[in-house]
Amino acid sequence: MSKIVVVGANHAGTAAINTILNNYPEQEVVVFDRNSNISFLGCGMALWIGKQISGPEGLFYATKEGLEAKGAKIHMETEVEKIDFENKKIYATGKNGEKYEESYDKLILSTGSLPIDLNIPGKELENVQFVKLYQNAEEVIKKLENKDIKDIVVVGAGYIGVELAEAFQRIGKNVELIDLADSCLSGYYDKEFRDLMNKNLADNGINLNYGEKVLEIKGNGKVEEVVTDKKSYKADMVILAVGFVPNTKLGKENLELFKNAYRVDLTQKTSMEDVYAIGDCATVYDNSIKDTNYIALATNAVRSGVVAAHNVCGTKLESIGVQGSNGISIYGLNMVSTGLTLEKAKRLGYNAVATSYEDLQKPGFIEHNNDKVLISIVYDMDTRRILGAQIASKQDISMGIHMFSLAIQEGVTIDKLKLLDIFFLPHFNQPYNYITMAALGAK
């Protein structure tokens, strides 16, 4: 029997803990987490804030009591402050000042990520908010009970910023969305898809302010105004959503880093024996570029926790890599992507091109529940290998992106896709469906 210490009970940590407890009950598992709750699905925060769900209860899928019933020892609201890697000991302090010194045979770091803290004057004012944890969302919802909060500025037009902009508008707030980039979702989609989302946001009342840098947040105790390099905006609340950075405060002097994340191999092992890192604090192997990368996604986190759990318990298991598959749904517009955008592929030096196609999902005689689908497939002209794909529609086209994820993972060429056996039934698609037609359009 080994003693396995897990630092962090987030998505990755919970996946690791459950995998160990379910498959290796003889192992001793000790967990430290600085939060007061486990397994909060942060991707559901905007739905909660926007009153699209009745409450947060369904956003949790594990509890301290449930993990302890399986045999783990859980220390909540307990901050790990130091790790002695040479002697395999961790040192932590509980919320009431309790001191812990815990030895380990194997250590799993699941310390997650932290919101990027903009270095701007006024960020300490009341009603300037981060939204990442359950407590953050709870605080925002409580403050929104104040009817005087009418104007909300969201800084950052990535996934979280766009989702929160929709949420605030749905509950009747005036929303200004600000980003330094020239569009929303710039890291995930090429221009024709970003344009679709920008129109969708604007048509639903979100005020878009791109290409602007926030210089200062003003107010007398409470926030009153956001000043950019172009203009100023009235603000009763400001949401800072410009992204996240890996939380590698613990052991960053001892462990090899990549883009500030713990560099891990395919077994999730760090540069130090018996020390593993999972989730948003660790690197991934990116099949689209065939190299190490940093891609913080909940699905990547869960898989990394499963891989690490088996390896610390003596069962060799390697990650098969990731493609960064992701999706978003805003006012009924569904967009999904995987792998590289055309813009990113070109920046990385690929001789990349894209083939696009747009048509109704189903035959024209299907008069109801039938919308257009836009698809773009990015591939390398030299190797013909598929590098990425993006799909958008008001239909639920989300499952289609999984095929492209597998295609990137397995090195499938665009030419293989041209004659892929895709079934036809009017209820689902067209005989000349959008995937086949996009592939046939490849050079």
Side-chain angles (χ1 to χ4, degrees), residues 8-15 17-18 33-64 66-67 76 110 112-115 129-145 152 154 156-173 175 177 184-185 188 197 200-201 204 206 237 239-244 247 278-280 295-305 324-337 394 396-399 401-402:
N10 45 32
H11 295 310
T14 302
I17 296 160
N18 271 321
D33 194 289
R34 64 182 182 178
N35 207 342
S36 59
N37 54 73
I38 289 175
S39 78
F40 177 62
L41 288 166
C43 54
M45 282 191 298
L47 297 174
W48 181 24
I49 291 170
K51 297 185 178 179
Q52 291 174 271
I53 59 176
S54 59
E57 296 77 21
L59 299 179
F60 297 92
Y61 59 89
T63 63
K64 174 180 185 288
L67 296 178
M76 298 301 296
S110 180
S113 58
L114 300 169
Q129 308 283 147
F130 289 114
V131 182
K132 177 175 173 63
L133 304 176
Y134 166 77
Q135 294 94 323
N136 300 146
E138 184 181 45
E139 182 181 6
V140 166
I141 288 170
K142 186 172 181 59
K143 287 184 175 182
L144 288 173
E145 293 174 1
I152 299 181
V154 178
Y159 269 177
I160 292 176
V162 168
E163 288 172 344
L164 289 173
E166 178 197 25
F168 293 127
Q169 189 277 331
R170 281 183 178 274
I171 57 173
K173 306 303 178 184
V175 181
L177 182 61
C184 67
L185 309 180
Y188 303 96
M197 184 57 76
N200 182 41
L201 291 168
N204 284 281
I206 306 296
M237 178 179 283
I239 305 295
L240 299 179
V242 296
F244 300 95
N247 179 13
I278 57 178
D280 286 4
I295 304 174
L297 290 168
T299 49
N300 292 348
V302 169
R303 286 190 296 270
S304 69
S325 304
N326 60 88
I328 191 168
S329 181
I330 301 293
Y331 297 113
L333 175 61
N334 308 305
M335 293 183 18
V336 291
S337 73
K394 291 203 168 182
D396 181 359
I397 37 73
S398 59
M399 295 304 290
I401 208 68
H402 298 149

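As the structure is a computational prediction, the values presented were derived from the model and not from experiment. All heavy atoms count here, side chains included; hydrogens, waters and symmetry mates do not.
Of all heavy-atom pairs between I401 and S337, the closest is CG1-C, 3.8 Å. Between A241 and I160 the shortest heavy-atom distance is CB-CG2, 4.3 Å. Closest heavy-atom contact between S110 and G13: OG-N, 3.0 Å. Closest approach of I17 and A9 over heavy atoms only: CD1-CB, 4.4 Å. Closest approach of N200 and Y331 over heavy atoms only: OD1-CB, 3.8 Å. Considering every non-hydrogen atom in both A165 and I206, the closest pair reads O-CD1, 3.4 Å.
Relative ring orientation between Y188 and Y159 is described as parallel, the plane-to-plane angle staying below 30° on a 0-90° scale split at 30° and 60°.
The environment of NZ in K394 is sparse: at most 12 heavy-atom neighbours from other residues, nucleotides or ligands sit within 6.0 Å.
A donor-acceptor pair is defined here as one N or O able to donate and one able to accept, closer than 3.5 Å; no such pair exists between the side chain of Q129 and the backbone of V140. With hydrogens and angles ignored, the 3.5 Å screen pairs no side-chain donor or acceptor of N300 with any backbone N or O of A296.
Distance check, rounded to the nearest 0.5 Å: CG of L201 to CG of L185 gives 7.5 Å. Note that CE of M197 is 5.5 Å distant from CD1 of I330, once rounded to the nearest 0.5 Å. Here the CG atom belonging to L177 is positioned 11.5 Å from the CD1 atom belonging to I239, to the nearest 0.5 angstrom.
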- Query: Yes or no on side chain to side chain contact (heavy atoms under 4.5 Å, CB included) for S325 and T299, after CA distance, side-chain angles and deciding distance?
  - Reply: CA-CA 9 Å; S325 304; T299 49; over 6 Å; no

- Message: Between E139 and K143, does the salt bridge (charged side-chain N to carboxylate O under 4.0 Å, His left out) criterion hold? Intermediate values first, please.
- Response: CA-CA 6 Å; E139 182 181 6; K143 287 184 175 182; 3.3 Å; yes

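Using a 4.5 Å heavy-atom cutoff, the side chains of L144 and I152 are in contact. Contact check for N35 versus Y134: no side-chain heavy atoms found under the 4.5 Å cut-off. In this structure the side chain of N247 never reaches within 4.5 angstrom of the side chain of D280, judged on heavy atoms.
Using a 4.0 Å cut-off between a side-chain N of Lys or Arg and a carboxylate O of Asp or Glu, E166 and R170 qualify as a salt bridge.
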Please list every donor-acceptor pair under 3.5 Å in which a side-chain atom of residues 37-52 meets a protein atom from a residue at least two apart or in another chain.
from, atom 1, to, atom 2, distance (Å)
S39, OG, Y61, N, 3.0
S39, OG, A62, N, 2.9
S39, OG, A62, O, 3.2

